[in-house]
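See structure below.
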Amino acid sequence: MELEIDRLAYGGSGLGRTVDGLVIFVEDALPGQRVVAQIRKVKKHFAYARLTEVLRQSPQACEPRCAHFGSCGGCRLQHLDYAAQIAAKSEQVRDILERIGGFDDPPVEPAIPSPALYGYRNKMEYSFGDVRWLEPDEMEEPQSVPDRDFALGLHPRGRWNRIIHLRECHLPSPRSVEIMKLVQESTGKSGLNPYTTKTNTGYWRFLVVREGVRTGQWLVDLITSDEPKARGEVDALARRIKAVFPEVTAITHTTSRSKAAVATGDEVRVLVGPGYIEEEIGGLRFRISPRAFFQTNTAGAERLYREARALAGLGGDELVYDVYCGTGTIALLMAAQAGRVVGFELEPSAVADARANAELNGLENAEFVQGDAAKMLREGPVWGEPDVIVLDPPRAGLLPDVRRLVPGLGASRIVYVSCNPTTLAADLSEICMNGYRLRIVKPLDMFPHTPHVECVSLLTRR
Ligand SMILES: C[S@@+](CC[C@H](N)C(=O)[O-])C[C@H]1O[C@@H](n2cnc3c(N)ncnc32)[C@H](O)[C@@H]1O
């Protein structure tokens, strides 16, 4: 059917309506386009469609930079002008807070753009796979593509069992891609196969490359199956990486016995350097271990944390809880303006980093506790009654227990940092039903050209 696309929905699809009002999400379509779309799935109140032809181009369309655009699942909005991406993200947050959170005219500010539009990602997680995804030009002569059973790169959109053998990527700095290409070449010749979840066999699993943008330090984590006989191959690869890229200050080898396709492991061997890198944010230095969460857009994170600290409205004496604190970034950036900060975090290596970071920065009024947030908040009074609570949960948002417990802790301010507006909306709604008022929501674009959006919000006690 022919459709006018009037906006970009959260998730990155263009949104159009049939004459009788049915909402159609059209993958890859842009606001302002008139398109021909083929319906793929019909639900009660909406349908999903595939873009088959653009009849009228959008004035906001632009030329994508990457050769893999269209196949790669990494960034899907490169063909939309950046100002339009930002406007769409503000609108999406407002819409979600109204629809899911039930807020009437929510106090959403215009989204803050990312300081850099390309080369902004300080961490890339490349995957190995035994089925190489062939791009349109390669499909013309598939038999001429070498090593079709070996690939290192990123997944095509929605195809978790295929890998694009990446030639370029503009999200990290160019050095990350150069390191990945060296690993592509060396592992491809190693005689060891990529791991496959089909049979749970094979060796190479993931390559994680992390950059300390402000410190110039680099970390490479090679993630493989647990096969002691193959370790020599990893050691040789580490030596080669270090020889070609002397700026790589840390190389680790993580082995995994898990059958799941996630870049984590059971055991970490440190092959080069201290096993972690450091980054600078807001004048403080942070140690980051391979397993620890760290915001992937360094300059964007600095802006995010500055906004969060301003919303906390600290006067110097407050007790601040930083729930889901990771390596302690927010807690430590607030410590200088607070009486005391307590960070809560599940991942043990992140807690170790947070404690080391407090010491590294000479901050003595910060403590970090390891464990599940819900369990620890139940014991809340052990750490004192908080004046300010910072929440920065994973994408799934707050667990029901945490949602229930937070309002009962009596803080005068809650600063909620979120990477998922849908769970944010539901959480804010419940916190507001229990004695708080939503004052402000600031979307920030930490992930240009992707559908993701970060938000920082302030709630105050009624
Ligand atoms: C979005 S990150 C925020 C980290 C930190 N605030 C920052 O900006 O770097 C979410 C953090 O929550 C942690 N986490 C996940 N589930 C948790 C739980 N049940 N209890 C405590 N922490 C948890 C993760 O390990 C991760 O470090």
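These numbers come from the heavy atoms of this one structure, side chains and all, not from hydrogens, waters or symmetry mates. Order of listing sets the numbers, starting from 1, for every ligand and every atom in it. Quantities reported herein were computed from a predicted structural model and do not represent experimental measurements. We number each residue from 1, following the sequence as shown.
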Check this for me, if you would: do E302 and R306 make a salt bridge, where the nitrogen-to-carboxylate-oxygen distance has to be below 4.0 angstrom? no
Checking side-chain polar atoms at under 3.5 Å, does S190 have a donor or acceptor matched by the opposite partner on W204? yes
Give the minimum heavy-atom separation between G202 and Y195, together with the two atoms involved. O-CD1, 3.5 Å
With W383, which of Y321, F368, F344 fulfils ring-ring contact (aromatic ring centres under 6.0 Å, His included)? F344
The single option from L311, I440, D392, I112 that satisfies side chain to side chain contact (heavy atoms under 4.5 Å, CB included) with V456 is L311
Extract all N/O-N/O pairs under 3.5 Å that connect ligand 1 to the protein, and present each with both atom names and the distance rounded to 0.1 Å.
{"unit_1": "ligand 1", "atom_1": "6 (N)", "unit_2": "Y324", "atom_2": "O", "d": "3.1"}
{"unit_1": "ligand 1", "atom_1": "6 (N)", "unit_2": "D392", "atom_2": "OD2", "d": "2.8"}
{"unit_1": "ligand 1", "atom_1": "8 (O)", "unit_2": "Y305", "atom_2": "OH", "d": "2.6"}
{"unit_1": "ligand 1", "atom_1": "8 (O)", "unit_2": "T329", "atom_2": "OG1", "d": "3.4"}
{"unit_1": "ligand 1", "atom_1": "8 (O)", "unit_2": "D392", "atom_2": "OD2", "d": "3.2"}
{"unit_1": "ligand 1", "atom_1": "9 (O)", "unit_2": "Y305", "atom_2": "OH", "d": "3.4"}
{"unit_1": "ligand 1", "atom_1": "9 (O)", "unit_2": "T329", "atom_2": "OG1", "d": "3.3"}
{"unit_1": "ligand 1", "atom_1": "19 (N)", "unit_2": "D372", "atom_2": "OD1", "d": "2.7"}
{"unit_1": "ligand 1", "atom_1": "20 (N)", "unit_2": "A373", "atom_2": "N", "d": "2.8"}
{"unit_1": "ligand 1", "atom_1": "22 (N)", "unit_2": "L346", "atom_2": "N", "d": "3.1"}
{"unit_1": "ligand 1", "atom_1": "25 (O)", "unit_2": "E345", "atom_2": "OE2", "d": "2.6"}
{"unit_1": "ligand 1", "atom_1": "27 (O)", "unit_2": "E345", "atom_2": "OE1", "d": "2.8"}
{"unit_1": "ligand 1", "atom_1": "27 (O)", "unit_2": "E345", "atom_2": "OE2", "d": "3.3"}

Treating Q217 as the side-chain partner and G212 as the backbone partner, does any N or O pair qualify as donor plus acceptor under 3.5 Å? no
